[in-house]
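Following: one structure in structure tokens, then a few remarks.
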Amino acid sequence: MSDTLRLPVSCNKDCGAGCPLLAHVEGGRLVRITDNPLKAPHMTGCVRGYQMPRVVYAPDRLRAPLIRAGARGSGQFREASWEEALSLAAERLGDIRARHGSQAVLRLGGSGSCRGAVHNTSGLLSRFLAFFGGATTTYSSYSSAASSFVTPFVYGTPLTGLDPSTLPHARMIVLWGANLADLRFGCETESWLQEAKDGGTEIVVIDPRRTRTMERYGTQWLPIRPGTDTALAAAVLHVLSAEGLLDREFIARYSVGMGELEEYVRGRGADGLAKTPAWAAAICGLPAEAIADFARRYGRAKPAALIPGLSIQRTIGGEDAARFAMALQVATGNVGRLGGSTGGNTWGRLPGPRCGALRAPAGVASPAVPVYRWPDAILEGTAGGYPTDIRATYTVGGNYLSQGSDIRKNIRAMEKVEFSVCHDYVLTPTARYCDVVFPATTYLERDDVVFPAGNYLFYSHQVVMPQHQARHDYDILAELADRLGFGAAFTEGRSAGQWLEQVLAASEIPDVAEFKRTGIYLGREQKRFALADFVADPVAHPLSTPSGRIEIASAAYAARTGWPAIPVCREMDPEPGYTLRLVTPHPRHRTHSQYDHLPWFREREPHALWIYPGDAAARGIADGARARVRSPQGELSVPVRVTEEIMPGVVSLLEGVWPDVGADGVDQAGSPNWLTSTAPTEPSLGARTHSVWVEAVAEPL
Ligand SMILES: Nc1nc2c(c(=O)[nH]1)N[C@H]1C(S)=C(S)[C@@H](COP(=O)(O)OP(=O)(O)OC[C@H]3O[C@@H](n4cnc5c(=O)[nH]c(N)nc54)[C@H](O)[C@@H]3O)O[C@H]1N2
Ligand SMILES: Nc1nc2c(c(=O)[nH]1)N[C@H]1C(S)=C(S)[C@@H](COP(=O)(O)OP(=O)(O)OC[C@H]3O[C@@H](n4cnc5c(=O)[nH]c(N)nc54)[C@H](O)[C@@H]3O)O[C@H]1N2
Ligand SMILES: [Mo]
């Protein structure tokens, strides 16, 4: 008998997917991961899933609990027994709660394994801290703060997505800051995009970089300066309005306020400025004719699917970039139609099959701070207008000392707290600043249901034993809960495995044994698009906006925020002394900062500052040499890639690189958050990591 086992697994990661994979185990060792042969034809995994054995068996995996033995950030720890480390953490957390209340603890992280029903780094810590008494938590997300904030005002719902199988029905697809070939947005999107392209769909890519998405799927690249999408959108609307390309019947039947927006872009609004292509050209860096031509083709291509990336709203003014994208799809009558889109957030924004999850109890008071400003909340506290004074942080599934903007500030914040705990499977930059670090399992060391972006569920088997002394987050928190006196409340007497059975029993999956065997459960409908009901019959299915219709002008938004009811053109202010706009996109070979500790992944995507040849020449910077890049927040040193794949005036550094800051205060790794700021976009208080002014010079020898 062969001892090769093949078991369905699925990445429980925050990369926008969750894929149907198959683990091959030989003699107890995970040797390979491939696509699950039982998957639907358009589903595929990606390199990060296939290469997970490198992560599971990484030489730098934590071997035992760690207790800090040197200055914070020094990396000096001693290995401790579970008993000692758990007791220490329970004692310190309990002591802080006794002296300052449970809200003196700040909950951080959560994205690490955020797709699991049971082993969910976000849900588990929330549950633990709720029973602890209610900690200070964070609201909103690094990902989509601005668009999540505005979308309910426009559509009355966050469910604005589509199934990618609808894409081949589009005559034109506009990928507006959406890099669908490098990033994962569901496990089917790339295949359906390919099918659309093969079927003759025009695919326009609007991005300051010429990405793999353009290379593979694009029929036209419109290079745009970052953070200027509102100007381009306004000019497109101007052309549609001036040239009779608005779908007036659709607008009248389904929306309110388009007239006000039309007045604004035509120059009859308060600023008296006509948002013509020529006007936008100077802002966006695109030729006026290219803007007008795009507007006409977009206005005539029916149906057209405009898919915004999350990138356009991680900018100053991102709220209105998101609102404009939705307004354009309404203006052209493409909402709620097969082959169209809402112009709102797309991936994972439709319901999945019914399935339970292990959650936090409701009704526990937990004051919250915007996640983008977590270090400010620690440093400023109640004196700075934040709800609490933070004395401790608890991180599960986050690496905010790499991923939070302004790492220098993050370090100050982590140095200020009395006590900090972290669970992870490697010693991340964040773990280095913590007092106790618990070694956690990866998803391949535990059973779970994974929620992908789509109308399906995947089962992910435990395929290897927990490595070294790693434990599940669930078990670590249960042990701590026990020591803090609320173990029974946290576990309700169940193990993680028993919770999983309970979740499955309460799901719509009819045959759980079959689900575990195949790893795949498909919901009935696989070709859905948001707002179909509303568009089919707006009287029977009104939206839950005040008017019951799509609100292009939202009085509720204006009343709540003090910002204009319609989206307006907004751009970041210039920063004297800085002439280059930095974008910090997501990497193909990492999920944020994950995998950056492994040379194999780093070699596949060599880290470099992308800069346009003319900009490099003007600064004496050579291809392959190192440059110094500085912003008001910090300075770093990084190799340079001189390339026409980025437009003039813009530079790019991928996010997710672990910082490596020398005694001179210069980051040698090129970690973009050494340059970014926690000043957010308003009113959502969201991330603005694509709105950063920097300057670059050749590295002094
Ligand atoms: N492989 C992989 N996939 C991932 C992730 C990952 O880390 N790795 N992360 C996942 C997560 S959590 C998220 S939130 C999403 C992120 O999804 P996005 O936010 O959409 O991703 P980004 O890479 O930031 O930006 C996408 C593209 O927009 C361009 N861009 C930047 N600024 C602008 C702008 O102002 N205007 C326009 N028009 N384009 C701009 C960038 O050059 C880039 O090519 O990706 C998800 N998918
Ligand atoms: N400059 C810049 N910064 C950005 C962005 C950007 O575009 N530009 N993007 C932002 C966005 S959209 C996001 S979502 C954030 C993401 O930022 P983070 O939420 O910090 O994401 P990761 O870097 O993936 O860190 C997740 C950590 O969880 C750990 N982990 C994974 N699974 C488990 C598990 O099961 N248990 C435990 N205990 N740990 C686990 C991983 O090892 C990793 O260290 O970054 C943001 N930061
Ligand atoms: Mo994200």
Side-chain angles (χ1 to χ4, degrees), residues 12-17 46-48 55 108-114 116 119-122 124-125 141-145 175-180 182-185 205-214 222-229 232 284 308-315 318 321 347 371-372 395-405 422-426 428-431 438-443 445-446 470 472-473 476 581-597 610 646 650 652-656 658 671-673 675-676 687 689-692:
N12 177 355
K13 297 253 179 219
D14 180 34
C15 63
C46 90
V47 61
R48 287 159 305 141
V55 176
L108 294 177
S111 85
S113 285
C114 60
H119 298 284
N120 185 307
T121 44
S122 173
L124 285 173
L125 184 59
S141 67
Y142 279 109
S143 312
S144 65
L175 300 180
W176 200 314
N179 182 8
L180 304 187
D182 279 329
L183 308 189
R184 293 248 94 189
F185 287 101
V205 178
I206 306 177
D207 196 308
R209 302 185 305 148
R210 190 181 170 96
T211 56
R212 272 177 85 254
T213 300
M214 178 58 216
L222 292 177
I224 185 174
R225 287 190 192 120
T228 68
D229 301 285
L232 175 60
C284 306
L310 295 170
S311 63
I312 64 166
Q313 52 90 63
R314 283 207 301 286
T315 60
W347 315 110
V371 69
Y372 197 63
T395 294
V396 178
N399 187 10
Y400 288 3
L401 250 67
S402 165
Q403 295 310 104
S405 286
C422 168
H423 310 182
D424 212 307
Y425 36 79
V426 281
T428 62
T430 306
F438 291 117
T441 51
T442 66
Y443 71 84
E445 293 153 273
R446 58 208 189 201
H472 304 325
D473 297 303
I476 301 168
R581 294 165 199 252
L582 171 71
V583 292
T584 62
H586 288 229
R588 174 178 173 74
H589 287 85
R590 287 191 296 272
T591 306
H592 314 300
S593 73
Q594 298 182 56
Y595 314 86
D596 192 47
H597 60 113
W610 289 22
I646 191 153
V650 184
S652 170
L653 266 185
L654 295 181
E655 63 107 286
W658 295 17
S671 185
N673 285 323
L675 302 172
T676 55
T689 41
H690 289 310
S691 290
V692 188

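Read the numbers this way: they start at 1 and go in the same order the structure lists the ligands and their atoms. These figures come from a predicted structure and were not determined experimentally.
Those atoms of ligand 2 with a heavy atom of Ser143 less than 4.0 angstrom away are 12 (S), 14 (S). For ligand 1, the atoms closer than 4.0 angstrom to any heavy atom of Arg588 are 1 (N). Of all atoms in ligand 1, listed by their number and element, those nearer than 4.0 Å to a heavy atom of Thr211 are 44 (O). Close approach of ligand 2 to His423 (heavy-atom distance below 4.0 Å) involves ligand atoms 37 (C), 38 (N), 39 (N). In the vicinity of Thr315, heavy-atom distances shorter than 4.0 Å reach the ligand 1 atoms 35 (O). Less than 4.0 angstrom separates some heavy atom of Arg184 from each of these atoms of ligand 1: 3 (N), 4 (C), 46 (C), 47 (N). Each of the atoms 24 (O) of ligand 2 lies under 4.0 Å from some heavy atom of Thr591. Residue contact check: Gly177 has heavy atoms under 4.0 Å from atoms 20 (O), 26 (C), 27 (C), 28 (O), 37 (C), 38 (N), 39 (N) of ligand 1. Numbered from 1 in the order shown, with element, the atoms of ligand 1 that lie under 4.0 Å from a heavy atom of Arg48 read 1 (N), 2 (C), 8 (N).
Closest heavy-atom approach to atom 25 (O) of ligand 2 within the set Asn399, Val396, Leu582: this belongs to Asn399. In this structure, of Glu655, His592, His586, the residue bringing a heavy atom nearest to atom 22 (P) of ligand 2 is His592. In this structure, of Thr689, Asp207, Ile312, the residue bringing a heavy atom nearest to atom 42 (O) of ligand 1 is Asp207. Taking all heavy atoms of Gly109, Gly112, Gly110 into account, the minimum distance to atom 30 (N) of ligand 2 is reached by Gly112. Among Ala440, Ser111, Gly397, Cys114, the residue whose heavy atom lies nearest to atom 28 (O) of ligand 2 is Gly397. Comparing heavy-atom distances from atom 34 (C) of ligand 2 across Val583, Thr121, Asp14, Leu654 singles out Thr121 as nearest. Evaluated by nearest non-hydrogen atom to atom 44 (O) of ligand 2, the leading choice among Asp424, Leu401, Leu124 is Asp424.
The protein atom (non-hydrogen) at minimum distance from atom 10 (C) of ligand 2 is Tyr142 CB, 3.6 Å.
Taking only nitrogen or oxygen atoms, main chain and side chain alike, His690 reaches within less than 3.5 Å of ligand 1. In terms of polar-atom proximity, defined here as any N/O pair under 3.5 Å, Ser113 does make such a contact with ligand 2. By the 3.5 Å distance cut-off applied to N or O atoms, Pro587 is counted among the residues near ligand 1. Considering backbone and side-chain N/O atoms, Arg209 comes within less than 3.5 Å of an N/O atom of ligand 1. Distances between N or O atoms of Leu183 and those of ligand 1 include no value under 3.5 Å.
Distances from ligand 2 to the non-hydrogen atoms of His597 include no value under 4.0 Å.
Of the N and O atoms on the side chains of His472 and Thr441, at least one donor lies less than 3.5 Å from an acceptor on the other residue.
To the nearest 0.5 angstrom, Asp596 atom CG is 10.0 Å from Glu655 atom CD.
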